[in-house]
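From a predicted model like this one, the values you see are computed outputs, not experimental measurements. By convention in this document, chain letters (A, B, ...) are assigned in the order of the sequence lines, proteins followed by strands, and residues within each chain are numbered from 1.
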Amino acid sequence: MKVEYPHKDIEKKWQKYWSEIGLFHADISEDENKYYCLMMFPYPSASLHVGHGRNYIIGDAVARYKLMQGYNVLTPMGWDAFGLPAENAAIKGNVHPHVSTERNIATMKRQLGQWGVGYDWDKEVNSSRPEYYRWTQWIFLELFKKGLAYKKKASVNWCPSCNTVLANEQVADGACERCDTKVGQKELEQWFFKITDYTERLLKDIDKLEHWPDRVKIMQRNWIGRSEGVEIRFPLVGGDKELTCFTTRVDTIYGATYMVLAPEFPLLDELIKDVENKEEIKAFVQRIKSEGMVKRAQIDTEKEGIFSGRYVINPMTKREIPLWIANYVLMEYGTGAVMAVPTHDQRDFEFAKKYDLELRIVIDNPKFPLIAEDMEEAYVADGVMVNSVQFDGLGNREAMVKIAEYMESNNIGRRTVQYKLRDWLISRQRYWGAPIPIIYCDVCGIQPVSEKDLPVLLPEKVEFKPHGESPLKDVKSFVETKCPKCNKKAIREIDTMDTFVDSSWYYLRYPSSKDDKKAFDTDVVNKWLPVDQYIGGVEHAILHLLYSRFITKVLYDLKLVSFDEPFGRLFTQGMIVKDGAKMSKSKGNVVSPDGLIERYGADTVRLYTLFIGPPEKDAEWSDRGVEGAYRFLKRLYRLVMEVTAKGGDVSKKEDNADKDIMRMTQATIKKVTEDMERDFHFNTAISSVMELLNKLYLVLGDKDRKVSGAVKEAIRAAIILISPFVPHISEELWRVIGEKDSIFKTKWPSYDKSMLKTDTVTIVAQVNGKVRARFDVSIDATEDELKEIVLNDDGVKKWIEGKPLKKFVVVPNKIVNIVV
RNA sequence: GCGCGGGUGGCGGAAUUGGCAUACGCGCUAGCUUGAGGAGCUAGUUCCGCAAGGAUUGCGGGUUCAAAUCCCGCCCCGCGCACCA
């Protein structure tokens with residue numbers, strides 16, 4: 001009998017059906033047994049490729065699996081719709097971002113539907129629509145009121161050719177991503193969120209995130225970058241001022257032979273005002289500043305410096321040490337002043353060698369005593385204190401504590417903690433974003449827009465010409481307004497918000513996405529959040545997840561939510577690559593799902609995507625592999641159709657093959673369920689269903705064999721177990737075997753432990769660790785019985801004859817090892 | 001440089017607690033079948049060897065009756081951070 005697998009008809013039919021019965025519609029008022037399954041909402045790009053698909057397919061498989069476990073599943077979708085690409089396209093192609101964004105959303109929605117991934121579209125959000133960004137602005141105001149949104153001068157990356165500000169991600173190797181011009185720095189007034197007020201909590205609460213991947217937690221910890229150390233005060237020679245520096249290596253203080261300042265150090269002009277070559281120094285500082293942070297922050301940049309003409313006193317040695325200015329010191333971290341210990345810090349070592357500064361060893365290598373003149377690099381490992389007066393002879397770790405204590409009691413320094421995390425720069429000199437709801441009044445100063453006047457609408461008509469400031473500057477009707485306080489003429493803030501602000505709270509919006517009175521419903525959100533399962537790309541491991549955690553904590557402090565971490569479980573999937581590289585238009589290695597779905601069907605594409613490898617790892621796409629998935633589905637379809645046509649003889653007594661099938665069915669249920677619970681190991685779950693199917697084909701290969709109850713049960717189980725991955729064909733076959741309701745309303749099966757047991761078990765016999773024979777023995781064979789059987793086996797005898805038996809190791813039901 | 005992954009057949013990968021290495025799939029080989037399709041079925045497929053047998057999880061060493069798995073040293077690949085004092 002020839003059976004075709006009509007995937008096109010099947011897929012269309014059931015997609016329509018699920019939509020009609022509202023399979024993915026979540027009843028928000030019903031909060032019993034809730035399961036919030038969230039996928040990172042996408043930026044609406046022109047169209048999706050199979051690499052994007054992985055995220056949605058994984059999420060859909062999880063959502064369907066949870067539905068079958070009886071959860072009330074909320075699985076919403078939306079659009080991170082503001083952002084640079086749409087605006088750049090507008091500059092180039094004269095398409096309004098609004099138009100291209102909406103068009104892209106329509107395309108992506110169609111593609112998602114085609115894949116058969118289901119969402120509760122009633123709760124869709126779009127961050128570029130006023131009904132959404134109104135509340136992004138509201139969140140800004142909440143932070144502003146709490147003093148967590150503030151404005152200050154900041155240096156930004158500036159491309160002199162494009163005439164615009166660049167985000168750090170747009171700078172590649174010190175040059176503009178688009179035109180390759182060297183990027184400089186510019187001081188501009190910028191808006192910040194004071195995330196540093198939450199540093200300790202963001203760090204400490206990482207421990208609460210039990211179900212987050214370790215690598216993400218490590219990345220967040222590193223990003224926050226907590227270091228314990230000591231702030232030491234160095235008196236300035238000539239005058240009563242002093243300079244403070246931070247060090248994590250206070251044990252090396254006796255080796256501090258000079259001090260270095262960042263070129264941006266605020267007191268610099270005053271320090272050098274009486275120095276002879278101050279013009280030379282100023283020129284040097286000016287040159288370094290103009291080169292830009294991006295270049296300077298690279299470790300392979302040549303260290304450069306200049307002597308300031310001034311000296312400070314090392315408070316421990318009491319010696320005068322020279323004060324330098326150098327490009328390798330950062331103003332943003334610590335105090336902008338660094339005590340330099342050339343012998344025990346590689347950067348200082350390189351600098352000191354270049355400018356011939358003093359090397360003084362204070363921590364010696366216990367194995368090979370150091371000689372300053374022979375050193376080729378700094379000695380940064382632990383060792384024994386030398387040249388350090390009363391601390392000599394101590395281990396340097398111990399000395400760290402002792403010196404810190406000494407400094408504190410003698411008012412030389414104090415223990416403190418430094419972080420790498422800086423405040424979040426949220427303003428962008430761009431059009432396609434949520435306007436910052438701030439008004440500048442000549443009389444009243446910076447005024448927040450009143451909440452009742454939200455949203456501050458983004459005007460539609462603007463000129464898309466990059467001139468380094470937001471295009472909103474030229475829109476008179478937008479800029480000119482009245483002061484909310486004194487009602488006099490005032491002007492609006494023209495910068496818009498970073499899109500990371502939009503995405504830092506969207507998960508709160510979904511459950512009440514239509515609410516026009518508030519950003520989110522506190523009661524509802526407290527019931528439905530934290531998100532049970534968050535799924536997305538690891539590229540968001542730091543920024544998006546950190547910002548979302550921060551905003552949640554702020555809202556928690558405002559008593560607007562009752563939880564202080566937004567995401568319970570986090571799953572980060574790997575990238576799908578083609579020819580070893582990330583799929584991208586420029587590389588020309590993009591695999592579009594459309595043609596594949598047309599030829600093989602969505603279920604095939606889904607199955608292959610999930611089968612390709614463990615979902616948290618990167619995987620190489622292969623069009624050939626897709627055919628294997630297709631073949632499997634055809635086999636499944638044909639098997640069910642044939643078995644159904646053949647009819648059965650359920651009353652027939654079970655034979656051994658039936659027993660095998662029954663046992664294997666239970667084992668497969670166990671395996672698939674465990675794989676789902678064990679970090680979504682779809683690839684092995686699918687392979688175990690394949691094995692079950694192979695077994696059925698083997699047994700049914702006997703043409704005369706009637707279809708037994710065991711076979712029917714196995715088929716039923718196989719359909720259920722595979723259904724989260726290939727929903728359309730499963731729903732179809734579910735009807736074929738006579739079921740009436742949706743398969744996704746069926747309870748996920750549990751397995752019967754007692755049925756997994758076998759009477760006999762295969763024991764492997766090893767001689768000296770090498771496999772020599774196998775036996776089927778009764779499951780409760782004793783050690784003596786085993787010994788008897790094994791030692792008399794011809795295959796084993798051959799290897800042990802004439803040699804004295806040294807050891808006989810038995811691992812019950814698994815293996816015996818004879819050592820001769 | 002630091003941190004995190006990873007290295008298993010021709011390829012994607014499996015091995016969950018130290019206990020049969022290479023499941024499942026792709027590809028390949030041979031045969032069968034057909035209503036010639038982008039089809040189906042059967043058998044085989046880690047390597048060397050006719051075989052008996054031997055070797056094999058990046059390389060070198062170690063622990064163990066037993067190591068892909070644990071320990072030590074090294075090499076290579078990917079990702080993240082990167083002059084953070």
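Phosphate contact (OP1/OP2 of B/G80, side-chain N/O of A/Arg221, threshold under 4.0 Å): absent. In this structure, A/Lys770 reaches the B/A55 phosphate: one of its side-chain N or O atoms is under 4.0 Å from OP1 or OP2. Close to B/C41, at under 4.0 Å from its OP1 or OP2, lies a side-chain N or O of A/Arg635. Residue A/Arg638 places at least one side-chain N or O under 4.0 Å from the OP1 or OP2 atom of B/C41. When the side-chain nitrogen and oxygen atoms of A/Arg624 are compared with OP1 and OP2 of B/G38, none of them lie within a distance under 4.0 Å. Dashed line: the shortest gap from a side-chain N or O of A/Lys814 to OP1 or OP2 of B/G19 is not under 4.0 Å. For A/Asn222 and B/A82, the shortest distance from a side-chain N or O to OP1 or OP2 is not below 4.0 Å. Listed pair A/Thr684 / B/U16 fails the phosphate criterion, with no side-chain N or O lying under 4.0 Å from OP1 or OP2. The side chain of A/Asn683 contributes an N or O atom lying less than 4.0 Å from OP1 or OP2 of B/A14.
Nucleotides B/G62 and B/C11 place their P atoms 30 Å apart, quoted to the nearest Å. Rounded to a whole angstrom, the distance from the C1' atom of B/G58 to that of B/C77 is 10 Å. Separating the P atom of B/A68 from that of B/G9 is a span of 14 Å, rounded to the nearest Å. Atom P of B/U69 sits at a distance of 46 Å from the matching atom of B/C32, rounded to the whole Å. Nucleotides B/C75 and B/U22 are separated by 32 Å at their P atoms, to the nearest Å. For the P atoms, the distance from B/A23 to B/U8 is 16 Å, rounded to whole Å. Comparing the same atom, C1', in B/G80 and in B/C72 gives a spacing of 27 Å after rounding to whole Å. Taking the C1' atom of each, B/A21 and B/C4 are spaced 27 Å apart, rounded to whole Å.
Among the protein residues, A/Asp348 comes within range of no part of the nucleic acid, since none of its heavy atoms lies under 4.0 Å from any strand. Among the atoms of the strands shown, only primed sugar atoms or phosphate atoms (P, OP1, OP2) are found under 4.0 Å from some heavy atom of A/Asn694. Residue-level contact check: A/Arg631 touches the backbone only, with heavy atoms under 4.0 Å from sugar-phosphate atoms and none from bases. As judged by a 4.0 angstrom heavy-atom cut-off over every strand, A/Lys634 is placed among residues touching the sugar-phosphate backbone only. Among the heavy atoms of the strands lying under 4.0 Å from A/Asp618 are primed sugar atoms or P, OP1, OP2 only; no base atom is included. Counting any heavy atom pair closer than 4.0 Å across all strands shown, A/Val341 reaches no nucleic acid atom. Nucleic acid contact for A/Ser227: sugar-phosphate only, since backbone atoms but no base atoms lie under 4.0 Å from a heavy atom of the residue. Counting any heavy atom pair closer than 4.0 Å across all strands shown, A/Val811 reaches a base atom. Within the nucleic acid shown, A/Gly334 has no heavy atom closer than 4.0 Å to any nucleic acid atom. In this structure, A/Ser622 reaches neither bases nor backbone, as no heavy-atom distance under 4.0 Å exists between it and the strands shown.
The base-pairing partner of B/G1, taking Watson-Crick or G-U wobble contacts with both distances under 3.5 Å, is B/C81. As the counterpart of B/G27, B/U45 is assigned, both hydrogen-bonding distances of the Watson-Crick or G-U wobble pattern falling under 3.5 Å. Checking B/A36 for Watson-Crick or G-U wobble geometry (two distances, each under 3.5 Å) identifies no partner in any strand. With a 3.5 Å ceiling on both atom-pair distances, B/A15 lacks any Watson-Crick or G-U wobble partner. Here B/A52 sits opposite no nucleotide as a Watson-Crick or G-U wobble pair (both hydrogen-bonding atom distances under 3.5 Å). Pairing for B/U63 is absent, with no Watson-Crick or G-U wobble pair whose two atom distances lie under 3.5 Å. Across all strands shown, B/G9 forms no Watson-Crick or G-U wobble pair with both key distances under 3.5 Å.
Rounded to a whole Å, the OH atom of A/Tyr697 is 13 Å from the P atom of B/G25. Distance CE (A/Met575) to C1' (B/G78): 9 Å, rounded to an integer number of Å. Remark: C1' of B/C79 and CD1 of A/Ile218 are 13 Å apart, rounded to the nearest angstrom. Here the C1' atom of nucleotide B/C24 and the CG atom of A/Asp675 are 12 Å apart, to the nearest Å. Whole-Å rounding puts the A/Glu620 CD to B/G13 P distance at 9 Å. One atom, CG of A/Leu639, and another, C1' of B/C41, lie 14 Å apart when rounded to the nearest Å. Residue A/Trp223 contributes atom CH2, which lies 6 Å from atom P of B/C81 at whole-angstrom precision. Look at CZ on A/Arg215: it is 11 Å from C1' on B/G78, rounded to the nearest Å.
The existence of a salt bridge linking A/Arg226 and A/Glu200 is confirmed by a sub-4.0 Å separation between a basic side-chain nitrogen and an acidic carboxylate oxygen. A/Glu231 and A/Arg233 are not joined by a salt bridge, as no carboxylate oxygen comes within less than 4.0 angstrom of a charged side-chain nitrogen. A salt bridge does not link A/Glu332 to A/Lys420: none of the charged side-chain nitrogens sits closer than 4.0 Å to a carboxylate oxygen. Using a 4.0 Å cut-off between charged nitrogen and carboxylate oxygen, A/Arg221 and A/Asp207 count as a salt-bridge pair. Between A/Lys695 and A/Asp660 there is a salt bridge, with a side-chain nitrogen of the basic residue lying less than 4.0 Å from a carboxylate oxygen of the acidic one.
When distances run from any side-chain atom of A/Arg772 to the nucleotides B/G54, B/G19, B/G12, the shortest one goes to B/G54. Nearest nucleotide to the A/Leu330 side chain, out of B/G13, B/A85, B/G25: B/A85. The side chain of A/Ile542 lies closest to B/G80, out of B/G80, B/A85, B/C24. Taking every side-chain heavy atom of A/Val338 into account, B/A85 is the closest of B/A85, B/C26, B/C65.
Below 30°, between 30° and 60°, or above 60°: for A/Tyr547 and A/Trp424 the angle between ring planes is below 30°, a parallel geometry. Relative ring orientation between A/Tyr355 and A/Trp324 is described as tilted, the plane-to-plane angle lying within the 30° to 60° band. Between A/Tyr258 and A/Phe351, the two ring planes are parallel [angle under 30°; tilted spans 30° to 60°].
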**Report entry** Worked check of side chain to side chain contact (heavy atoms under 4.5 Å, CB included) between A/Glu642 and A/Leu700
**Finding:** CA-CA 10 Å; A/Glu642 282 174 3; A/Leu700 294 168; over 6 Å; no
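With RNA chain B read from its 5' end, the first of the two nearest nucleotides for A/Lys617 and A/Val771 is the one closest to A/Lys617. Comparing A/Met219 and A/Tyr328 along RNA chain B, the residue whose closest nucleotide (by nearest heavy atom) sits nearer the 5' end is A/Met219.
Between A/Leu209 and A/Leu570, the closest side-chain pair of non-hydrogen atoms is not below 4.5 Å.
In this structure, B/G9 is classed as syn because its glycosidic torsion stays within 90° of zero.
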